[in-house]
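Convention: sequence-line order gives letters A, B, ...; per-chain numbering from 1.
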Protein chains: 2
Amino acid sequence: MPRPPSVDEDQLGDLIAAVFRAKGYEGTGIGDLATASGLQRASLYHRFPDGKEQMAQVALTHVGRRFAAILAPMRDDPDVARGIAETARGLGEFYGFGALSCVLDTMTLAGAPAPLRDRARSLATAWLDAMTDAARRAGHRPEAAVRAARDAFVRVEGALVLGRVTGDTGVFAETVALLPSLLVPEDRA
Amino acid sequence: MPRPPSVDEDQLGDLIAAVFRAKGYEGTGIGDLATASGLQRASLYHRFPDGKEQMAQVALTHVGRRFAAILAPMRDDPDVARGIAETARGLGEFYGFGALSCVLDTMTLAGAPAPLRDRARSLATAWLDAMTDAARRAGHRPEAAVRAARDAFVRVEGALVLGRVTGDTGVFAETVALLPSLLVPEDRA
DNA sequence: GTCTATATTTGGATAGAC
DNA sequence: GTCTATCCAAATATAGAC
């Protein structure tokens, strides 16, 4: 009878994604993934026959699923402002309140395989589109909504870099707390 | 008689820094640096006997010098607002108008040697301090100056990530153009 | 499906001639 | 100071037993 996996697909995706997002594509070794997952390297190749690049794709897929869940309130809550606030909380938690990095940053350095970079771009676009749409529904004009979403993206990514470089996670915390005021117009907050 | 170097110290620092900033520490190979510099790998080891980590330190030192020059107007110009505007232009150019990455981002991923991360932090601190000081002299109160500087840092770094991930460099251009209004109080602009 | 053991390639680093 | 040639360790990937 088939042997059950020692870690299920989703757990494995989570563990792998954590390594890639901290160390980037080239900085991540199969040994790092083995250590993080509790599997031997050969077992990882059994799960992902196409090797490291496939493992990285799995990491991005996992992040995409996590992100979709985080963005859901902003997209679905009839009270858009409340949904945005809930999504902001989710983002804060997802990024370890400023202590973690973003795969969109760390996995897109020059040297990463083009398919990975493409996938990262589509993740970024999905996130930006979701914020733009929410800002629009919250009362922003189309142009202002696009700008607000870009601004939110820029501030989150920049605050994560600041946190990693200086060790100060406070700016990220403030940034996340500020997100609703960015995406919801003054007079609708 | 001693043979003159085929590339001088500063040129070499520039070429090496360009590779590290694009590919990060682990993503950069000695072969990449050799290709970029036109030297053989062994020649790089002659220049930098302590190997890759020393080469990365040289890259950071070079970036530190470039940065000092870019920050000079903001620090020295008696007309602070004018100096800030000039520094902003310098930053825009240094980052290839949004097409390049920042070493503070790419060289600080988990896995980079601690001394490198320390050096990157001190570079970031110097930049933040310079902006804080300028904002203070431009008329901001101490607390507001600190916040303005952090905001400027966050926006620049975030816009560079956005540019790398989505290919859209326009946001970085806008960000740089906006820097003076961030660092100079409304009523002093 | 996971493991131990191993093959193969890459990459950091060195030796020594010129 | 730069080069060719080489060493050696690390990393990706594979083979085959359980």
Does the Lys NZ or Arg CZ of A:Arg21 fall within the cation-pi geometry relative to A:Phe94 - under 6.0 Å from the ring centre and within 45° of the axis? yes
A:Lys52 to A:Tyr25 six-membered ring, cation-pi geometry met (6.0 Å, 45°): yes
Would you say [X] reaches [N]'s phosphate, i.e. side-chain N/O to OP1/OP2 under 4.0 Å?
{"X": "A:Ser6", "N": "C:dT2", "value": "yes"}
{"X": "B:Tyr45", "N": "C:dA13", "value": "yes"}
{"X": "B:His46", "N": "D:dG1", "value": "yes"}
{"X": "B:Ser43", "N": "D:dC3", "value": "yes"}

How many whole angstroms separate atom [atom1] of [X] from atom [atom2] of [N]?
{"X": "A:Gln40", "N": "D:dA13", "atom1": "CD", "atom2": "P", "value": "17 Å"}
{"X": "B:Lys52", "N": "C:dT10", "atom1": "NZ", "atom2": "C1'", "value": "12 Å"}
{"X": "A:Arg41", "N": "C:dC3", "atom1": "CZ", "atom2": "P", "value": "12 Å"}
{"X": "B:Leu44", "N": "C:dT14", "atom1": "CG", "atom2": "P", "value": "13 Å"}
{"X": "B:Asp32", "N": "C:dG12", "atom1": "CG", "atom2": "P", "value": "8 Å"}
{"X": "B:Ile30", "N": "D:dA9", "atom1": "CD1", "atom2": "P", "value": "17 Å"}
{"X": "A:Met55", "N": "D:dA11", "atom1": "CE", "atom2": "P", "value": "14 Å"}
{"X": "B:Lys23", "N": "C:dG11", "atom1": "NZ", "atom2": "C1'", "value": "12 Å"}

Given DNA chain C, 5'-ward residue of the pair A:Leu39 and A:Glu26, judged by closest heavy atom: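 With A:Leu39 and A:Glu26 compared, the 5'-side residue is A:Leu39.
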Test item: side-chain donor near acceptor, A:Thr87 and A:Arg75, under 3.5 Å: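 Absent: no donor and acceptor within the cut-off.
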Between A:Asp118 and A:Arg121, does any NZ, NE, NH1 or NH2 come within less than 4.0 Å of an OD or OE carboxylate oxygen?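 Salt bridge present between A:Arg121 and A:Asp118.
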Side chain of B:Ala42 - closest among D:dA13, C:dA15, C:dC3: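 Selected nucleotide: C:dA15.
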Could you check which of D:dT12, C:dT2, D:dT2 has an atom nearest any side-chain atom of B:Arg47? D:dT2
Would you call the rings of A:Phe67 and A:Tyr95 parallel, tilted or perpendicular, where under 30° means parallel and over 60° means perpendicular?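 The arrangement is perpendicular - the two ring planes meet at more than 60°.
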With a 4.0 Å cut-off on heavy atoms, is A:Thr28 in touch with a base, just the backbone sugar-phosphate, or nothing at all?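 Counting heavy atoms under 4.0 Å across all strands, the contact made by A:Thr28 is with sugar-phosphate only.
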